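Worth knowing before you read on, the calculation uses all heavy atoms, side chains too, and leaves out hydrogens, waters and symmetry mates. Note that the structure is predicted; figures quoted are calculated from it, not measured. Chain letters run A, B, ... following the sequence lines, proteins first and then strands; every chain starts at 1.
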Amino acid sequence: MANVRVSEWRKLPVSLAELCIDTTLRCGQSFRWKKLQDNEWSCALHGRILSLKQDSTHLHYRTIKPSLSHLLSPPASQRSSTIEGDGEGEDDDTESLIRHYLNLGPDLTALYEHWSSVDPNFKRRAPKFTGVRILKQDAWEALICFICSSNNNIARISQMVHNLCIHYGPLIGHIGDQPFHDFPTPEALTAPGIESHLRELGFGYRAGYIAKTASIVAKERPKGWLQSLCNPELFDSGMDQKGLPDGGREGYRRAHEELLKLQGVGPKVADCVCLMGLGWGESVPVDTHVWQIAQRDYKFGKGKNKSLTKATYDAVGDHFRALWGKEAGWAHSVLFAADLKTFSERLTTKLEVDVDEVEIKKEDGTVLESKVVVKREYILDEVKDEFGESKDGIVLESSRSQRAKRRRLLV
DNA sequence: CCTTAACCTTCACT
DNA sequence: AAGTGAAGGTTAA
């Protein structure tokens, strides 16, 4: 196998309120992280495989880098293994990469407090979704990933992105037999015949969008064009709404406008790129989920804003910017996460556990089998308007699958 | 400016 | 078991 350098585990002090990787890496803002083993997340970034895990007080990380020294390395007989120990010294830039990518600067606890103080709905929904941090992803990767996201679900988006990386991105290394590729460059995605190939790979109509957008970015835009749309200012505590215009700052509006000129990029995708790739905190992507949240909790969907037209789209964003302030898109992502089916189990709190003994008998009363069945009762924690019918807030089954599981037990 | 239909594919649910 | 609808939408008419 290839020579690689595996670093030791290192750690940064981070509380779960400031960052919860299990939520942040699954909430649909990034699509390449893989959970390989016991709560260890890995992804290829900037020429290395970065692995993360966390406990209640620290974020732990390590890297696997391809070794350049194999060109002049001693014969295998003189080495104990192909894996060398912690090769990095003081020149390791991994910590700064992590701080940047995970956007560890902002005081998330303070931000949650602010959003809670101005919005009772946020205050009610957010407690079970703490530690949701907006990542600073590569803008090009975010652009292509969110082009893939149209009319799609997170599982398939992740599969499509994986396919992109496998076929067009550079191989960085392996963990076990799992290959890790970095995200392909715009140039790589202008390869001849890429559209039909992507169609074969199951991208559907998005194949054309990706091919066209890659071509525009690689050939019709100056180098560094996408990065030039970035928010230049460092994060300031950002809780002042002063100086935040209705439609957001000028730089944000310009970035959004520029992105709309690409293929397969509408208002929602452009906002995702602005928020997660370009650092514009006031960007509020309004998708079907957020539209439903806006109707359910913020009185949208009536009168002038009956359907999600462009005008309504802007009105929803403006409403949230006025309510939450400069980092409105961040607050929006917390509520979005709270609405994902992936996390729906968190909305139900175990109320009690009943243990029943069930006997299976023949007609004559002979006991064939006796087993213990655990019956769970759930109460919806202050959320009484979704996830199943609630009777006085009490729901006997949290989901259909729960019901099916129990039926299986009883048979 | 608003409204519709078409667009690829997968998967859970009926 | 085949059919339907929705999944972090965008485009063209």
Give one of base, sugar-phosphate or nothing for [X], where a contact means two heavy atoms less than 4.0 Å apart.
| X | value |
| --- | --- |
| A:Val265 | sugar-phosphate |
| A:Gln29 | base |
| A:Pro285 | base |
| A:Cys27 | base |
| A:Ala207 | nothing |
| A:Leu201 | nothing |

Looking at the side chain of [X], which of [options] is the nearest nucleotide?
| X | options | answer |
| --- | --- | --- |
| A:Tyr205 | C:dA7, B:dC7, C:dT11 | B:dC7 |
| A:Gln292 | C:dA7, C:dG9, B:dT3 | C:dA7 |
| A:Val269 | C:dG9, B:dC2, B:dT3 | C:dG9 |
| A:Thr309 | B:dC2, B:dT10, B:dC7 | B:dC2 |
| A:Tyr209 | C:dT11, B:dC8, B:dT10 | C:dT11 |

Name the residue closer to the 5' end of DNA chain C, choosing between A:Gln263 and A:Phe31 according to the nucleotide with the nearest heavy atom.
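Going by which nucleotide is closer to the 5' end, it is A:Phe31.
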Reading DNA chain C from 5' onward, which residue's closest nucleotide shows up sooner: A:Cys272 or A:Gly264?
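Of the two residues, A:Cys272 wins.
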Side-chain heavy atoms of A:Asp107 within contact of A:Glu18, under 4.5 Å
yes
Both distances below 3.5 Å, Watson-Crick or wobble geometry, any strand: find the nucleotide opposite B:dC13.
C:dG3
Give none if B:dC8 has no partner; otherwise give the nucleotide forming a Watson-Crick or G-U wobble pair with it, both distances under 3.5 Å.
none
Phosphate oxygens OP1/OP2 of C:dA7: is one of them under 4.0 Å from a side-chain N or O of A:Ser149?
no
According to a strict under-4.0 Å criterion, is A:Arg199 in side-chain N/O contact with OP1 or OP2 of B:dC8?
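Yes, because at least one side-chain N or O of A:Arg199 sits under 4.0 Å from OP1 or OP2 of B:dC8.
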Quick check on side chain to side chain contact (heavy atoms under 4.5 Å, CB included): which of A:Leu340, A:Val334, A:Asp339 does A:Phe336 satisfy it with?
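Only match with A:Phe336 under side chain to side chain contact (heavy atoms under 4.5 Å, CB included): A:Leu340.
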Separation of atom [atom1] in [X] from atom [atom2] in [N], rounded to whole Å:
| X | N | atom1 | atom2 | result |
| --- | --- | --- | --- | --- |
| A:Asn152 | B:dT10 | CG | C1' | 9 Å |
| A:Ile154 | C:dA7 | CD1 | C1' | 9 Å |
| A:Leu143 | C:dG9 | CG | P | 16 Å |
| A:His162 | B:dT9 | NE2 | P | 20 Å |
| A:Asn305 | B:dC2 | CG | C1' | 13 Å |
| A:Phe336 | C:dG9 | CZ | C1' | 13 Å |
| A:Leu260 | C:dT11 | CG | C1' | 12 Å |
| A:Phe203 | B:dT10 | CZ | P | 12 Å |

If you draw a 6.0 Å radius around CZ in A:Arg221, do more than 12 non-hydrogen atoms from other residues or ligands fall strictly inside?
yes
Please say whether more than 12 non-hydrogen atoms of neighbouring residues, nucleotides or ligands are located less than 6.0 Å from NZ in A:Lys35.
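More than 12 heavy atoms, drawn from other residues, nucleotides or ligands, come within 6.0 Å of this atom.
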[N] and [M]: how far apart are their [atom1] atoms, nearest whole angstrom?
| N | M | atom1 | value |
| --- | --- | --- | --- |
| B:dC8 | C:dA13 | P | 15 Å |
| C:dA6 | B:dT4 | P | 16 Å |
| B:dT3 | C:dA7 | C1' | 22 Å |

[Y] and [X] side chains, donor-acceptor separation under 3.5 Å:
| X | Y | answer |
| --- | --- | --- |
| A:Tyr313 | A:Asn305 | no |
| A:Arg48 | A:Thr94 | yes |
| A:Ser215 | A:Glu220 | no |

